[in-house]
Number of protein chains: 2
Amino acid sequence: MMTMHLCLSTQIKHLRRWRQAFPNGHIADSAKEFSATGPPTLLWLHSIDPDESRIDKSIFAIRAILPETKIVVISNTPSQQEALLALNSGAAGYCHAQASPSFLQQVATVVTNGGLWIGSELMSRILAATEQLQTSEPNHLTLAQLTPREQEVALAVGRGISNKEVAQELAITERTVKAHLGSIFEKLEVRDRLQLAILLSRDTLPEDPTQSHTYSAFPG
Amino acid sequence: MMTMHLCLSTQIKHLRRWRQAFPNGHIADSAKEFSATGPPTLLWLHSIDPDESRIDKSIFAIRAILPETKIVVISNTPSQQEALLALNSGAAGYCHAQASPSFLQQVATVVTNGGLWIGSELMSRILAATEQLQTSEPNHLTLAQLTPREQEVALAVGRGISNKEVAQELAITERTVKAHLGSIFEKLEVRDRLQLAILLSRDTLPEDPTQSHTYSAFPG
DNA sequence: AAAAAAATTGTACGAAGGTACTAGGGGGGC
DNA sequence: GCCCCCCTAGTACCTTCGTACAATTTTTTT
């Protein structure tokens, strides 16, 4: 079962990586001419300017001609908006046009096997958003898991200062700061001080009331 | 590259289809005994009663022992709640335990290629609900000072990932990531990645830092 | 009083982060 | 042509971080 790759693009110079990934792949301007010579297994749609050409229109047009063909959008300027738009329109994948050849090949493998490929940022955002609608109890609970001293350390680190500076501030040794941090990481299930700061900044910031209605879309 | 399949289940009678799909796969009660004989490539976790055993606990436990192993949850009583729970806990797939052997094999193919398998209903639901959520724009004043590539790096670091992970994501070397970060620190007048993350989190929508390699897949 | 939890500090070491110096290719402006 | 910026990347070096073995003292709980 030979996979035929076809890439629709008007900016061939930006397809160096794709060419490397699929040396036998075709590149064209329009999908029409290829509907006769046998439909491609996988169609790569190159999005150059997300503002100019609405990607959903292109996807719908292609699916009308080639209903069996999987569509992967590769974008020079990837954005989560465009990704969601593409996926909602029926695309099976969305990734950076300048991704490495091996990366592109992996996307191809997943998609040809009936998969759908989404960027990690978007995916984690989606999962994070959907998680909240079932377990909405963040804020105070985070710091409440910690002992008083651990809270002090956590808040200090959350301000972006080093272990040495925290030690000075709390009048303890750097080693003790590290000890507190160790148990903080464990309790809050974060990898390091960076993720701790992110976690804290999320929970200490006021919530945006405009986003509450989005979650109601999941009844269960 | 032989794939080793291991299925954890206490209800072997319900695994007829799985056995057909992977005749050479192993079935066991616990993952521990297998950590010695070489870790399995793909671990199928059989969820019999979603109310009784919280699937997330099992997944975390397995990931602690077998960090490299991909986990697919197969459930006798699939639900979207359980699916979300499983995926958020780090599972790479979720499907019906009584799915056809060829279906299970397809799931295996996608997941072993770095994909994440989600049911199509759940996925479309997620996409629909998340579409309008993508509105808030990050911190223009801050990010506008950076070049496009620097912005990508900054946002990635703002999600709490390491230089190595950023490098993988942007398909560049770790050294280049460091180079970008150097100029980012200078431009935004921050000391390190920690202060950068804090600066970004002031105006950027926070995300879940636990997942770094999530890609999604479902059957069209 | 005994047990448990919290707070403190030590040494040592590998991993990760950040910087200094360097440098080549590409693109745009002068 | 030249200059400057952007993106890329290599080696080297030092710092910081996180955690592995600890241990001691104080406070709280049972």
Check your understanding: Reckon A:Thr147 has a side-chain N or O less than 4.0 Å from the OP1 or OP2 of C:dA7?
Key -> yes

Point to revise | Closest contact, heavy atoms only, A:Arg193 versus A:Ile161 | key: NH2-O, 2.9 Å

Check your understanding: Should A:Arg193 be listed as having a side-chain N or O under 4.0 Å from OP1 or OP2 of D:dC17?
Key -> yes

Study note, to complete from the structure: Here the distance between atom C1' of C:dG18 and atom CG of B:Leu196, to the nearest Å, is 13 Å

**Study point:** N/O (side chain, B:Asn163) to phosphate O (OP1/OP2, C:dG17) under 4.0 Å
**Key:** yes

Point to revise | Atom-to-atom span, NE2 of A:His180 to C1' of C:dA6 - whole angstrom | key: 8 Å

Review point. Can you find a pair of side-chain heavy atoms, one from B:Leu155 and one from B:Leu143, that are under 4.5 Å apart?
Key: yes

Revision key, fill the gap. B:Asp192 has its side chain closest, among D:dG10, C:dG18, C:dT8, to C:dG18

Practice item. Could you check how far CZ of A:Phe185 sits from P of D:dA20, rounded to whole Å? Key: 13 Å

Practice item. Write down the distance between CG (B:Leu181) and C1' (D:dA9), rounded to a whole number of angstrom. Key: 15 Å

Review point. Over how many whole Å does the gap from B:Lys164 atom NZ to C:dG14 atom C1' extend?
Key: 12 Å

Exercise for review: Using the test side-chain hydrogen bond (donor to acceptor under 3.5 Å, both in side chains), find all partners of B:Arg191 that sit at least two apart in sequence or belong to another chain.
Suggested key: A:Glu165

Check your understanding: So what does A:Thr176 touch, heavy atoms closer than 4.0 Å: a base, only the sugar-phosphate, or nothing?
Key -> base

Review point. Nearest-Å distance, CD (A:Glu174) to P (D:dT19)?
Key: 14 Å

Review point. Do side-chain atoms of A:Glu150 reach the backbone of A:Ile184 as a donor and acceptor pair under 3.5 angstrom?
Key: no

Practice item. Look at the side chain of B:Asn163 and the backbone N and O of B:Val166, then say whether any donor-acceptor pair between them is shorter than 3.5 Å. Key: no

**Study point:** Interatomic distance, A:Lys178 NZ vs D:dT16 C1' [rounded to whole Å]
**Key:** 7 Å

Check your understanding: Reckon A:Ser162 touches a base, only the sugar-phosphate, or nothing at all at heavy-atom distances under 4.0 Å?
Key -> sugar-phosphate

Practice item. Check whether any side-chain N or O of A:Arg175 sits under 4.0 Å from OP1 or OP2 of C:dT11, and answer yes or no. Key: no

Study note, to complete from the structure: Sorted by position of nearest nucleotide on DNA chain D, 5' first, the leading residue of B:Lys187 and A:Gly182 is B:Lys187

Check your understanding: Looking at D:dG10, D:dT8, C:dT9, which one has an atom nearest to any side-chain atom of B:Ala179?
Key -> D:dT8

Check your understanding: Roughly, in whole Å, what's the span from CZ in B:Arg191 to P in C:dA16?
Key -> 22 Å

